[in-house]
Amino acid sequence: MSGFLPDEPSAEVRVSPNFGPRRDTLRPDMIVLHYTGMATGAGAEAWLCDPASEVSSHYLVHENGHIVQMVRENDRAWHAGKSSWFGRADINSCSIGIEIVNPGHSLGYPGFPRRQIDAVIGLCAGIAGRHSIAAERVLAHSDVAPGRKVDPGEKFPWRTLFAAGVGHLVAAAPVRRGAVFKTGDTGADVEALQSMLALYGYGVEISGIFDRQTEIVVEAFQRHFRPCKVDGVADGSTQRTLERLLASVRS
């Protein structure tokens, strides 16, 4: 493909060869946000357009707010990898991926500039409008690939997006002393916690055993919805925040 008209009017087109058709006639009903995890935006952009990388994203947003579109929204970009949400494993076929330039945890993990976040907000709003994507389906890579991925991370300003009408959020319950669930715990209360996480969409087995995978999923939940303390321990704040989140979806 030599080029295409951008779906997002403000985007510059730089075509990546790493894409294909969406499978099983799926259409995009989810936005997945990533960080690039590389030293420079230019390096990340080149990598996403390199056939040897076998990875791509629909969009990349630089620190200065410049947006690059690499794959058409109707095509399947290769951004999510092994992932799942509500039991669906082929996230690439039902999502639009946005890479946000940031070196990530292994390279210092700076904050996200406001110009960049403003561009992400406008881009997400445009995508959601074009494809009727629900607010609760604007997700982090760490939500759909817990443990394997941690991006865009606990410094990503989800609250700023939510205030602008993008994504799903509730006020996180305060962290206080009290009962917690952690690895090794068992019982009906652990099963209820796992059920709530699964009901929101996370890939967790409902076993009544707080195993390592449950801890990983709790950590992913905290990274997005209770970022002040990301430790994989289901304290009262984590549980109450999850309950509020589910209640707000139902309402």
Side-chain angles (χ1 to χ4, degrees), residues 29-35 83-88 91 95-96 98 100 111-112 114 117-118 120-125 127-129 131-147 149-182 189-204 206 210 213-251:
D29 64 3
M30 178 188 302
I31 298 171
V32 178
L33 302 185
H34 310 249
Y35 65 38
S83 51
S84 69
W85 195 251
F86 276 115
R88 177 179 287 169
I91 297 299
S95 66
I96 290 175
I98 301 174
I100 303 163
F112 296 82
R114 184 58 196 244
I117 294 304
D118 286 344
V120 171
I121 288 170
L123 178 58
C124 287
I127 293 168
H131 300 281
S132 300
I133 294 174
E136 62 269 20
R137 293 181 72 83
V138 180
L139 297 166
H141 198 189
S142 55
D143 290 321
V144 300
K149 294 295 181 180
V150 297
D151 57 310
E154 62 278 1
K155 289 184 180 179
F156 187 74
W158 291 102
R159 187 159 300 282
T160 303
L161 269 68
F162 182 68
V166 172
H168 182 219
L169 206 67
V170 294
V175 177
R176 297 177 179 147
R177 292 182 180 178
V180 302
F181 299 125
K182 57 187 183 302
D189 288 340
V190 173
E191 183 176 344
L193 171 70
Q194 293 168 330
S195 297
M196 287 192 295
L197 288 165
L199 189 59
Y200 196 73
Y202 286 95
V204 60
I206 303 170
F210 200 111
Q213 182 58 27
T214 302
E215 180 183 7
I216 287 170
V217 170
V218 167
E219 185 175 299
F221 173 82
Q222 292 169 337
R223 202 176 296 280
H224 186 160
F225 297 104
R226 211 284 307 272
C228 67
K229 188 176 183 182
V230 180
D231 59 3
V233 174
D235 58 5
S237 167
T238 300
Q239 296 174 64
R240 287 191 297 274
T241 302
L242 176 55
E243 290 167 358
R244 290 176 181 178
L245 203 64
L246 286 168
S248 68
V249 173
R250 289 194 293 267
S251 61

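Here the straight-line distance linking atom CE of Met30 with atom CG of Leu139 works out to 5.5 Å at 0.5 Å rounding. Distance check, rounded to the nearest 0.5 Å: OG1 of Thr214 to CZ of Phe181 gives 11.5 Å. Atom CZ in Arg223 sits 10.5 Å away from atom CG in Asp231 (nearest 0.5 Å). The structure places CG of Leu123 at 4.0 Å from CD1 of Ile98, a figure rounded to the nearest 0.5 Å.
Under a 3.5 Å cut-off, the side chain of Gln239 and the backbone N or O of Ala234 do form a donor-acceptor pair. With Arg244 contributing its side chain and Ala171 its backbone, the two residues share a donor-acceptor pair below 3.5 Å. Judged purely by atom type and a 3.5 angstrom limit, Arg226 uses its side chain to pair as donor or acceptor with the backbone of Lys229. Proximity of a side-chain donor or acceptor of Gln222 to a complementary backbone N or O of Val233 within less than 3.5 Å is detected.
Looking only at side-chain heavy atoms (C-beta outward), Ile117 and Ile121 come within less than 4.5 Å of each other. The closest side-chain heavy-atom distance from Phe210 to Leu193 is below 4.5 Å. At a threshold of 4.5 Å between non-hydrogen side-chain atoms, the residues Val218 and Tyr202 do not count as touching. Counting heavy atoms from C-beta on, the side chains of Thr160 and Arg114 come closer than 4.5 Å. Looking at heavy atoms from C-beta onward, Leu161 lies in side-chain contact with Leu33 at the 4.5 angstrom threshold. Counting heavy atoms from C-beta outward, Asp29 and Arg88 have side chains that approach closer than 4.5 Å.
Of all heavy-atom pairs between Pro174 and Ser237, the closest is O-CB, 3.3 Å. When all heavy atoms of Phe112 and Pro157 are compared, the pair lying nearest together is CD1-CD, 4.1 Å. Across His141 and Pro152, no two heavy atoms sit closer than the pair N-CD, 4.1 Å. Across all their heavy atoms, Ala128 and Ile31 have their closest contact at N-CD1, 4.2 Å. Scanning both residues, Tyr200 and Glu136, for their nearest heavy atoms gives OH-CB, 3.7 Å. Contact record, Ala220 with Pro146: CB-CB, 3.7 Å, taken as the closest heavy-atom pair.
Relative orientation of the Trp158 and His224 rings is parallel, given thresholds of 30° and 60° on the angle between their planes. Ring-plane geometry between Phe225 and His168 is classed as perpendicular, the angle between the planes exceeding 60 degrees on a 0 to 90 degree scale with a lower cut at 30.
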Report task. Show your working on side chain to side chain contact (heavy atoms under 4.5 Å, CB included) between Val150 and Val230 and close with a plain yes or no. Result -> CA-CA 11 Å; Val150 297; Val230 180; over 6 Å; no
- Query: Where do Asp151 and Phe156 land on the side chain to side chain contact (heavy atoms under 4.5 Å, CB included) test, with the steps shown first?
  - Reply: CA-CA 9 Å; Asp151 57 310; Phe156 187 74; over 6 Å; no
- Task: I would like to know whether Val32 and Trp85 meet side chain to side chain contact (heavy atoms under 4.5 Å, CB included); could you show each step before the answer?
- Result: CA-CA 11 Å; Val32 178; Trp85 195 251; over 6 Å; no
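Considering Val166, Ile133, Ile96 in turn, Val166 is the only one that fulfils the side chain to side chain contact (heavy atoms under 4.5 Å, CB included) rule with Cys124.
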